[in-house]
Each structure stands twice: as C-alpha cells, then as structure tokens.
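Let me begin by presenting the structure, written as structure tokens, before commenting on it.
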Amino acid sequence: MARTWTFGQKVGTGMAATVLVALATSLLAHWALASIVESKDRAIDGFARQLADVERLSSGFYQKSAATRGFVLSHTENYLQEYREAQSRFDQTLVRLQGMATLESQRANLARVESLDRDYNRLFESLTSAARSGKTTEEMERVRETQTYPIRQDMDVRIKELEKVVLDTVDMERARSQESASQISRMVLGLAVTAVLIAACVAVFLTRSLSLQIGSAVQHVQSSSAELQTAANQQAAGAREQATAMNEISTTISELLATGRQIAESARRVAQIAGETAGASRDGDLTVARSRESIEGIKRQVDQITSHMLDLGARSQQIGGILDVIDELSEQTNILAINASIEAAGAGESGKRFAVVADEIRKLADRVGGSTKEIRRLVDEVRSAVNTTVMATEGGAKAVDAGTRQFQDVTAAFRRISELVVTTTEASREIELSAKQQSTAV
C-alpha cells in the first residue's frame, strides 16, 4: 500500500510521525514537572504532620510532668485538671501517630511510649493518694524525683528515635523521587533520539523514492525515438503530475513548519512556567527563613523570661530566710514580755505600769508573728507560681527548638524543588531549540 502513495503523502506521513514524537516528548516533560512537584508537596505535608505530632507528644508529656510537680508542691486541685487535659491531648496525639505509623520500628517505639505513659499515670495516682493521706511535700518530692526521672529519660529517648525514623523516611522518599526523575529524563531522551531517527529514515526514504521516479522517466524517454511525441506528451502529463505533487509537498511542509513553531512556542511556555515556579519556590524559601529568624527571636525572649523567673525564685527564698529571723525575734519578744509581766506582778503596785507596757509589747509581738505567717504564705504561693512558670517556659523553649528544626527541613525541601524546576526549565529550552532546528532543516 505504501508504494501507491504520492510523494506528498509520504512526506506528510513521515513528518506527522516526527511531530507526534516531539509532542509526546513535550507532554512527558510537562507531566514529569507536575508529578515531581506533587510528590514533593505530598511528602512535605505528610512528614511535617508526623514531626508536629511527635513534638506535640513531647510537649504533652512535659505538661503532665509540670502539673505533677505543681500538685506535689502546692496540693492544689487545679493541677489535677491540668494533668487530665494534658493526658487527653497526649492520648489523641498518640492515636494519630499510631494511625500514621508504617514501619515496625515506629510501632515498637509508640508501644513503648504508651507503656511508659501508663507507668507514669500509676505513679501520679500514688502521689495523689499520698498527698491525700497527709504525706509532707518533701517526701512526695523525693518520691517524684527518684521514680519519674527514669520514665522521663526513657520517654525522651523514644521520642528522639521517632523523630529520627521520620527523618530517615524523608530521606528515603527523596531518594525515590530522584530515581523517578532520572527515569523520566531517560524516557524523554529516548523519545528525542527516536524523533531524530524517524526524521533520518524519512529523509532517506524520500531521496530513494525520488531517484527511482527520475530514473524510470529517463529510461522511458530513451526507449524509443519513434515514440518521441508520445513520450513528450507523457512527459508533459508527468510534469503536470509532478507540479501537483510539488504543490502537495509545499502544503505539507508549510503545515509541518507551523506545527514545529507551535511545539517551540509550547516548550517556551513550559520553560516560562517553570521559571515562575522557581521564583515562587525562592520566595517561599525567603519566607521560611524570615519565619525561622522570628522563632529564634522568640526563643531568646523565652530564655530571658526563664532567667528572670529563676532570679525571682532565688529572691523569694531570701525573703523566706528574713521572715524566719523576724519570726524568731517575735517569739523571743513574746517570751520577754511574758517574763516582764511576771516580774511586774511580783513588784506589786510599783510594777503595774511596767505590766501594761509588757502586755502591749506581747500584743505587738503576736501581731508581728501573725503578719510573718501571712507573708510566708504569700511567698510560698509566689515560689510555686515561679516553679510552674519555669517549667512551662522550658516546654515552650523545646517547642520553639522543634519548630526551628522543622523550618530547616522545609527550607531544604524548597531548595530541592528549585533545583528540580531549574532542571526542567533547561530540558524545555532544549526541546524548544530542537524544534527550531528541525524547522530550519525542513
């Protein structure tokens, strides 16, 4: 069937095949860009949620520890409510992480975290019972420090292992994305080579077909001089057919040139879109950097607050020492007033005025002692509030550190996206240049 085709049909078929291969190459490049960006976005979103939940898990446990210490120091029921709220948030975060866990190491660490949390809850219940049974704050504090420290240490180790597993998974996902991008690049290169081979085959085929047609015409002219007029007529008819064929070839080549220009324009638009995407990625990188600087400023403020709170706690301890001295002076004054009253009673009428003065001094000593107890109570409340604030501030500092690490990971991801977009842009420009060279060759 191919032998009965006209010269224009053969040229049109060959060029159409070349155009289809070039179009497929452009579509594949566009699909590669979209799939790479989508894969990166999906990976960043999923692993960012896991890292955020791991940090929430650590924050929830430290909030429980702060509530435990506050209850041990003050025996206030408000800390029990804070402990229950922290426990509720901790359980919700643990359930989410267990639902997202895909590796056996993650499941094992989460199971260990759940077991440690149950041990800590049992310890808190025993501390609550001890407080209600009348144990002193110093005894409960010793029990809390000796029994909760191993649990907190093991909990920190498990949470750090969870963070490491998530970061290792991110690296594995990045490696798979790079392998996928390499495979797509090889496919695009293969299609480009195929287009070149098809164009070369079409050129060879057209050259041989034209040579055969011209050779047949010359042999036919030389076959017989007697049939010169007939041959001339046949040659004229052949010339008309050749003119028609040349018109068809001209039309086909014009269409091919228009298609090549469209391919070049499409490749240019793909390169432009990739450039805009790279700019947006750089803007996102700058935004993340500014956010990271803001978080570092917040961390410095939190450190200053912690330092001031510790200084306030030291000052409250100094006030407590001064109150001890005042209390001791009040007791000594009261004893002296009682002794003076006894001596005045023994002196008879001459000691009545002195007895009145001694009684007033004793009343003043009693009022001083009462004021000292009230001041001591207020100082204890201030000290308890300072301890609670310091622990909450430490939790905030840890959360800020975790946020800083997450911003660093996001910054690295934006940089990788920018590199991939630059690679895609260069590939689109090479496609545009190849299409222009093909049009020039035609």
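Not measured: the values here are computed from a predicted model.
Considering only residues two or more places apart in sequence or on other chains, Y120 meets the ring pair (Phe, Tyr, Trp, His ring centres under 6.0 Å) condition with F61. In this view, Y83 and F124 satisfy the ring pair (Phe, Tyr, Trp, His ring centres under 6.0 Å) rule, not counting sequence neighbours. Shown here are the side chain to side chain contact (heavy atoms under 4.5 Å, CB included) partners of Q106, two or more places apart in sequence or in another chain: Q50, A101, T102, L103, V165, V166.
For the atom pair CG (D366) and NZ (K363), the distance works out to 9.5 Å, reported to the nearest 0.5 Å. We find the CG-CD distance between L80 and E82 to be 9.5 Å, quoted to the nearest 0.5 Å. Separation of atoms CG (N121) and OG1 (T68) is listed at 9.0 Å; rounding is to 0.5 Å. The distance from atom CG of D324 to atom CG of L329, rounded to the nearest 0.5 Å, is 11.0 Å. Taking CD1 of I326 as the reference point, atom CD of E328 lies at 11.5 Å (rounded to 0.5 Å). For the atom pair L110 CG and L97 CG, the distance stands at 5.5 Å (nearest 0.5 Å).
Contact check for D409 versus L167: side-chain heavy atoms found under the 4.5 Å cut-off. Using a 4.5 Å heavy-atom cutoff, the side chains of T423 and E419 are not in contact. Within the 4.5 Å cutoff, the side chain of S59 has heavy atoms near those of the Q63 side chain. Put simply, the side chain of L364 does not reach to within 4.5 Å of the side chain of T333, judged on heavy atoms.
In terms of modelled atom types and a separation under 3.5 Å, the side chain of N109 and the main chain of S105 share a donor-acceptor contact. Between the side chain of S384 and the backbone N or O of E381 there is no donor-acceptor pair closer than 3.5 Å. Between the side chain of S88 and the backbone N or O of R84 there is no donor-acceptor pair closer than 3.5 Å. Side chain of D117 to backbone of V113: no donor-acceptor contact under 3.5 angstrom is found.
The nearest pair of heavy atoms linking V368 to T372 is O-OG1, 2.7 Å. The shortest non-hydrogen separation linking L57 to I159 is C-CD1, 4.3 Å. Here the shortest heavy-atom pairing between G60 and A86 reads O-CB, 4.0 Å.
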Chi angles and distances behind the salt bridge (Lys or Arg N to Asp or Glu O under 4.0 Å) call for R122, E125: CA-CA 5 Å; R122 286 194 293 269; E125 292 296 333; over 6 Å; no
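E161 and R158 are joined by a salt bridge, as a carboxylate oxygen and a charged side-chain nitrogen come within less than 4.0 angstrom of each other. Ionic pairing of E426 and R429 is not present here: no N-O contact between side-chain nitrogen and carboxylate oxygen is shorter than 4.0 angstrom.
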